[in-house]
J.: 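The structure is given below, and queries will be raised subsequently.
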There are 2 protein chains.
Amino acid sequence: MEAVQDLPPGTAPGLRTKSQLQRRRRILQAAAALASRGGVEAMQMRTVAERAGVALGTLYRYFPSKMDLVVAVVGEELDMLESSIARRPPAAATPDGRAVDVLMRATRGLMREPELADALIRALILADVELPFGDRMAGLLVRVAGLSDGHATEEQGVLAASLGAVWVQELLEMLRGRRTYEDIQRRIEIAASRLLAEFPASRVE
Amino acid sequence: MEAVQDLPPGTAPGLRTKSQLQRRRRILQAAAALASRGGVEAMQMRTVAERAGVALGTLYRYFPSKMDLVVAVVGEELDMLESSIARRPPAAATPDGRAVDVLMRATRGLMREPELADALIRALILADVELPFGDRMAGLLVRVAGLSDGHATEEQGVLAASLGAVWVQELLEMLRGRRTYEDIQRRIEIAASRLLAEFPASRVE
DNA sequence: ACACTTACTAGAATCCGTTCTAACTTCGGT
DNA sequence: ACCGAAGTTAGAACGGATTCTAGTAAGTGT
């Protein structure tokens, strides 16, 4: 139930030897693979351990709880999203257009592995841990909406975070089978147009 | 993992005798009491059963899973919020003002029992069940924002639901200790002013 | 090489949600 | 008053996350 103090993203410190990095990698890989089909329930700690070729105790040394493991997996997915965005930045003309673009791209990515997505999103919401998720997503949106990374207004931050919250909620509804991709797109567009409309400038009609 | 088919809100059908209603009541009461301190983890099925003076099997007959139990408890809380609002409707002049009023009133209510709130919110978000929560809250917001209950635009519905999503997210952050009441108020106001600003009319500022 | 701290392993043990069993009650109809 | 269906009970049993234990391997400083 506690935070992952060690092993932050990137080249995780606290991992001295090469074999430890590899272990960590194997674990994350096994976890993601298992979750990809079967969802959370398929991703059992014993199974992950076994599949990663690691003792249960060791798994727990690397990830003190299942949640921590899930959070780490999500972190990797986010890394991928960010690099995808860096590779091919959203092209829309308006800030809200760009934000929608990014969110829908992420949505498509998640839809490709619904079980994984389900597991990840739920776990994230549940997480007691410092979740780099909401913040990271909000930061990403602020950035993408076209505000110089560092110095966003508080208001801008709040609005970006709000859009992120809406998105997460819509994803959950989708996972519950109550939204189609098109639903989400439409709804996110509506919310984004309100939340991220240009600040000082004109309002298109 | 499944929905509560029987026992909808109000006078729950499917409960023939008086003693069954009382059992149900005792269970819900015990559950809420346990969750009030100690949160979800304190609300263990065995404990609830014991404290309600009911066998474990019976508890499971009334509420097929812990989640169903939590959902029922939340339902009761929502009933209370709605009746509180009916008693003393929000007075603010603008739709977004009224929405903020309602949300902050709900926030205060939840803050009074943080452990309970934590348990309930998380469980709800997790729930596979048809959760009358998002919808109920969104409907409440639409209503309170001053749109004739029945015939809200799709856009209005989306916007109300969005504000609800933002609120839930902020609550979660609060429960994680990352927001104060004032934070939430400020942030909800910002989001609401964007999402629920008068539609055709002027924009202040 | 040696001692020592730290990491890893296999497996048992614990905790809690959930399911199952067998016997006992309660209720509605006759 | 009696019968069968449905509701209850105490308690055992099962499954999966998490914890604990004792012993083995690996890395570090001297």
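Residue numbers begin at 1 in each chain, while the letters A, B, ... track the order of the sequences.
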J.: Is the shortest heavy-atom distance from the side chain of L159(A) to the side chain of Q156(A) under 4.5 Å?
T.: no
J.: Step by step, work out the side chain to side chain contact (heavy atoms under 4.5 Å, CB included) result for E77(B) and L116(B).
T.: CA-CA 10 Å; E77(B) 300 284 323; L116(B) 179 73; 3.8 Å; yes
J.: Roughly how many Å is it from CD in E50(A) to P in dA10(C), rounded to a whole number?
T.: 10 Å
J.: With a sphere of 6.0 Å drawn around CZ of R108(B), does it hold more than 12 non-hydrogen atoms of other residues, nucleotides or ligands?
T.: yes
J.: Mind checking the CE-OG1 spacing from M111(B) to T180(B)? Nearest 0.5 Å is all I need.
T.: 8.0 Å
J.: At 4.0 Å (heavy atoms only), tell me whether R23(A) reaches a base, stays on the sugar-phosphate, or touches nothing.
T.: sugar-phosphate
J.: Counting side-chain heavy atoms from CB outward, which of dT18(C), dT9(D), dC8(C) is closest to Q20(A)?
T.: dC8(C)
J.: Locate the shortest heavy-atom distance separating R136(A) from G75(A); write the atom from each residue and the value.
T.: NH1-O, 3.6 Å
J.: When the distance from CG of L59(B) to P of dG17(C) is rounded to whole Å, what number comes out?
T.: 10 Å
J.: What is the distance, to the nearest angstrom, from the CZ atom on R26(A) to the C1' atom on dA7(C)?
T.: 14 Å
J.: Among the nucleotides dA10(C), dT8(D), dT18(C), which one has an atom lying closest to any side-chain atom of K66(B)?
T.: dT18(C)
J.: How many whole angstroms separate atom CE of M45(B) from atom P of dG11(D)?
T.: 19 Å
J.: Distance check needed: dA7(C) C1' versus I27(A) CD1, whole Å only.
T.: 12 Å
J.: Measure from CD on Q44(A) to C1' on dT18(D) and round the result to the nearest Å.
T.: 13 Å
J.: What integer distance in Å separates D68(A):CG from dA17(D):C1'?
T.: 13 Å
J.: Kindly point out which of dC8(C), dT18(C), dA13(C) is positioned nearest to the side chain of R46(A)?
T.: dA13(C)
J.: Considering only dA7(C), dT9(D), dG7(D), which nucleotide approaches the side chain of R61(A) most closely?
T.: dA7(C)
J.: Starting at the 5' end of nucleotides 21-30 of chain D, put B wherever the base has a protein heavy atom under 4.0 Å, S where only the sugar-phosphate does, and a dash everywhere else.
T.: ----------
J.: Is the shortest heavy-atom distance from the side chain of V100(B) to the side chain of L196(B) under 4.5 Å?
T.: no
J.: Would you mind telling me which residue lines up with the more 5' stretch of DNA chain C, Y60(B) or G53(A), judged by nearest nucleotide?
T.: G53(A)
J.: Quick one: list whatever passes side-chain contact (heavy atoms from CB on, under 4.5 Å) with M80(A), sequence neighbours left out.
T.: none
J.: State whether T58(A) places a side-chain N or O below 4.0 Å from either non-bridging phosphate oxygen (OP1 or OP2) of dT9(C).
T.: yes
J.: Quick one: F63(B) CZ to dT19(C) P, roughly how many Å, whole number?
T.: 15 Å
